[in-house]
Participant: 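Right, I'll just put the structure down here and ask away after.
As the structure is a prediction and not an experimental result, all values here were calculated from the model. Residue numbers begin at 1 in each chain, while the letters A, B, ... track the order of the sequences.
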Amino acid sequence: QMNFTGDQVLRVLARDEKQLSLLRDLEGLKPQKVDFWRGPARPSLPVDMRVPFSELKDIKAYLESHGLAYSVMIKDIQVLLDEERETMAKSRR
Amino acid sequence: LERSTSSFSYSSYHTLEEIYSWIDNLVTEHSDIVSKIHIGNSFENRSILVLKFSTGGSQRPAIWIDTGIHSREWITHATGIWIAKKIVNEYSKGGVLTDILNAMDIFIELVTNPDGFAFTHSMNRLWRKNKSTRPGIFCIGVDLNRNWNSGFGGNGSNNNPCSETYHGPSPQSEPEVAAIVNFITGHGNVKALISIHSYSQMLMYPYGHSLQPVANQEELYHLAKGAVKALYEVHGIEYIFGSISTTLYVASGITVDWAYDRGIKYAFSFELRDTGRYGFLLPASQIIPTAQETWLAILTIMEHTRTHPY
């Protein structure tokens, strides 16, 4: 099982098309640095992206340097995954 | 594995083996109305199964529902299972569902991407695509919701095999998509198609590949409005609705566009809840409320299909 310890999901609210295209630029990075859970669609919709722990600092710096407002939707993915796995095991028991 | 569908936990997530065992139990326990159809094999050679709910007749107009085309969207398989059980529990009680099943058949494909789903349990919970590999291509998997022959390869899909929205080498190149295409085309009388995804609480209809409104856009808009209202009245969860390209984003090669272009006038795509903070990791405690509200929306669409034959 892949481990997602420290990975976070950031929820970004792009104000306009220009900010959306800054987020789309992230999508094209090689190797892939972010996994869009909700891709950049339109200013009225949030963009959710999973950021590996190792990339967090750079990505947050990128967002802040471009004035992109964000919040941390999931603080540590692995915590939720562990809970999910435990709940499944309990249900099986 | 559970011995019967009544001891199965509908408020938990399950593995592929548990779901396939549950399917066998459901068919055994309700053989008067449910049968299992094997429509093909996945890239890694797993069976692709469809549940058929029918009260008789032959070649009746039908409704197609699929869940789990994106494997990490676990709430969709769980919702599909609950809905299948709801159908067998409710169909003989009179009311809307009985009328629907006296006139139409319902097909439900619970695990549309079995390889990807198995992979989310074994290796990578956040895997989205199927598991196909091709010589000379470094990355694994195709986005099965970009592999359909409608606007294939257009905007909103990607020709980079490492992308999460990689459309694959050609339309229907993926066995999981080809199996559905062959089944629905062979059946020839499917009147509604509902493809269930998560997340972001939306109910959408074609087109995704273009901003061009479809011929019966007005009808679909009002049907979606009614379905979303029925959904809201269960647990107060708000959905937005509209055509895919104007509500969400332009996406090409998607299931509902293919269905619509094949003459299936009532083609819808659901994006189920996350209630704003869990994304794909919706806790199992929200499975049943999500299924309950989704059921009312689906019933609205099915009833409209029944009362508007074409």
Participant: Nearest 0.5 Å, please: how far is OG in A:Ser71 from CZ in B:Arg277?
Facilitator: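 Going from CZ on B:Arg277 over to OG on A:Ser71, the span is 11.0 Å.
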Participant: Measuring from atom CG of A:Leu80 to atom OH of B:Tyr278, what distance do you get when rounded to the nearest 0.5 angstrom?
Facilitator: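 Output value for this atom pair is 7.0 Å.
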Participant: Just give me the residue among B:Gly279, B:Ser9, B:Gly156, B:Cys162 that pairs up with chain A most often, heavy atom to heavy atom, under 4.5 Å.
Facilitator: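 Among the listed options, the one with the most contacts to chain A is B:Gly279.
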Participant: Test A:Arg38 against B:Leu248 for side chain to side chain contact (heavy atoms under 4.5 Å, CB included), laying out the working first.
Facilitator: CA-CA 10 Å; A:Arg38 289 182 69 168; B:Leu248 186 52; 5.6 Å; no
Participant: Count the heavy atoms belonging to other residues, nucleotides or ligands that lie under 6.0 Å from OH of B:Tyr10, then report whether that count exceeds 12.
Facilitator: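 Yes.
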Participant: Working to the nearest 0.5 Å, report the span between CZ of B:Phe280 and CG of A:Asp48.
Facilitator: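 The CZ atom of B:Phe280 sits 8.5 Å away from the CG atom of A:Asp48.
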Participant: With a 4.5 angstrom heavy-atom cut-off, which part of B:Thr247 approaches chain A: side chain, backbone, both or neither?
Facilitator: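 When you check distances to chain A, only backbone atoms of B:Thr247 fall under 4.5 Å.
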Participant: Taking all non-hydrogen atoms of both residues into account, name the closest pair between B:Met202 and A:Leu45 and its distance.
Facilitator: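 Scanning both residues, the minimum pair turns out to be CE-CD1, 3.8 Å.
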Participant: With a 4.5 angstrom heavy-atom cut-off, could you sort out which part of B:Ser198 is near chain A: side chain, backbone, both or neither?
Facilitator: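 Neither part.
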Participant: Sort out for me which of A:Arg50, A:Glu27, A:Arg92 touches chain B most, counting heavy-atom pairs under 4.5 Å.
Facilitator: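 The option with the most such pairs is A:Arg92.
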Participant: Using a 6.0 Å cut-off, check whether atom CZ of B:Arg134 has over 12 heavy atoms from anything other than its own residue.
Facilitator: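 For B:Arg134, atom CZ is crowded (more than 12 foreign heavy atoms under 6.0 Å).
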Participant: Please classify the contact between B:Asp274 and chain A as side chain, backbone, both or neither, with a heavy-atom cut-off of under 4.5 Å.
Facilitator: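 The side chain, not the backbone.
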Participant: More than 12 non-hydrogen atoms from neighbouring residues, nucleotides or ligands closer than 6.0 Å to CZ on A:Phe53, yes or no?
Facilitator: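 Atom CZ in A:Phe53 is not crowded, with 12 or fewer foreign heavy atoms closer than 6.0 Å.
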Participant: Using non-hydrogen atoms and a 4.5 Å limit, figure out which bit of B:Ser122 sits close to chain A: side chain, backbone, both or neither.
Facilitator: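 B:Ser122 touches chain A through backbone heavy atoms alone.
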Participant: Identify which part of A:Pro40 has an atom lying under 4.5 Å from any heavy atom of chain B, answering side chain, backbone, both or neither.
Facilitator: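 For A:Pro40, the contact with chain B is made by the backbone alone.
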Participant: Just to be sure I understand the criterion: a residue of residues 1-11 of chain A counts if one of its heavy atoms is under 4.5 Å from a heavy atom of chain B. Which ones qualify?
Facilitator: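 The residues closer than 4.5 Å to chain B, in numerical order, are A:Gln1, A:Met2, A:Phe4, A:Arg11.
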Participant: So that I can tick it off, tell me whether A:Asp35 and B:Arg72 are bridged by a salt bridge, with the cut-off set at under 4.0 angstrom between side-chain N and carboxylate O.
Facilitator: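 Between A:Asp35 and B:Arg72 there is a salt bridge, with a charged N closer than 4.0 Å to a carboxylate O.
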Participant: From B:Tyr13 OH over to A:Glu84 CD, what is the distance, rounded to the nearest 0.5 angstrom?
Facilitator: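 Reported value, rounded in 0.5 Å steps: 6.5 Å.
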Participant: For chain A, which of B:Val250, B:Asn158, B:Leu126, B:Ile240 has the most heavy-atom pairs under 4.5 Å?
Facilitator: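 The candidate making the most pairs under 4.5 Å is B:Leu126.
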Participant: Would you say the side chain of A:Met88 lies within less than 4.5 Å of the side chain of B:His121, judging by non-hydrogen atoms?
Facilitator: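 In short, these two side chains touch, coming nearer than 4.5 Å.
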Participant: Step by step, work out the side chain to side chain contact (heavy atoms under 4.5 Å, CB included) result for B:Leu281 and A:Trp37.
Facilitator: CA-CA 11 Å; B:Leu281 306 182; A:Trp37 283 17; 4.0 Å; yes
Participant: Please flag which part of B:Trp127 lies under 4.5 Å from any non-hydrogen atom of chain A: side chain, backbone, both or neither.
Facilitator: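 Neither the backbone nor the side chain of B:Trp127 comes within 4.5 Å of chain A.
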Participant: Between B:Tyr249 and A:Ala41, what is the shortest heavy-atom contact and its length?
Facilitator: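 Distance-wise, the nearest heavy atoms are CD2-CB, 3.7 Å.
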Participant: Would you say CG of A:Asp25 has more than 12 non-hydrogen atoms from neighbouring residues, nucleotides or ligands within 6.0 angstrom?
Facilitator: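 It does: A:Asp25 CG has more than 12 such atoms within range.
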Participant: Using heavy-atom distances under 4.5 Å, tell me whether B:Thr120 contacts chain A through its side chain, its backbone, both, or neither.
Facilitator: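 Answer is backbone: N, CA, C or O of B:Thr120 sit under 4.5 Å from chain A.
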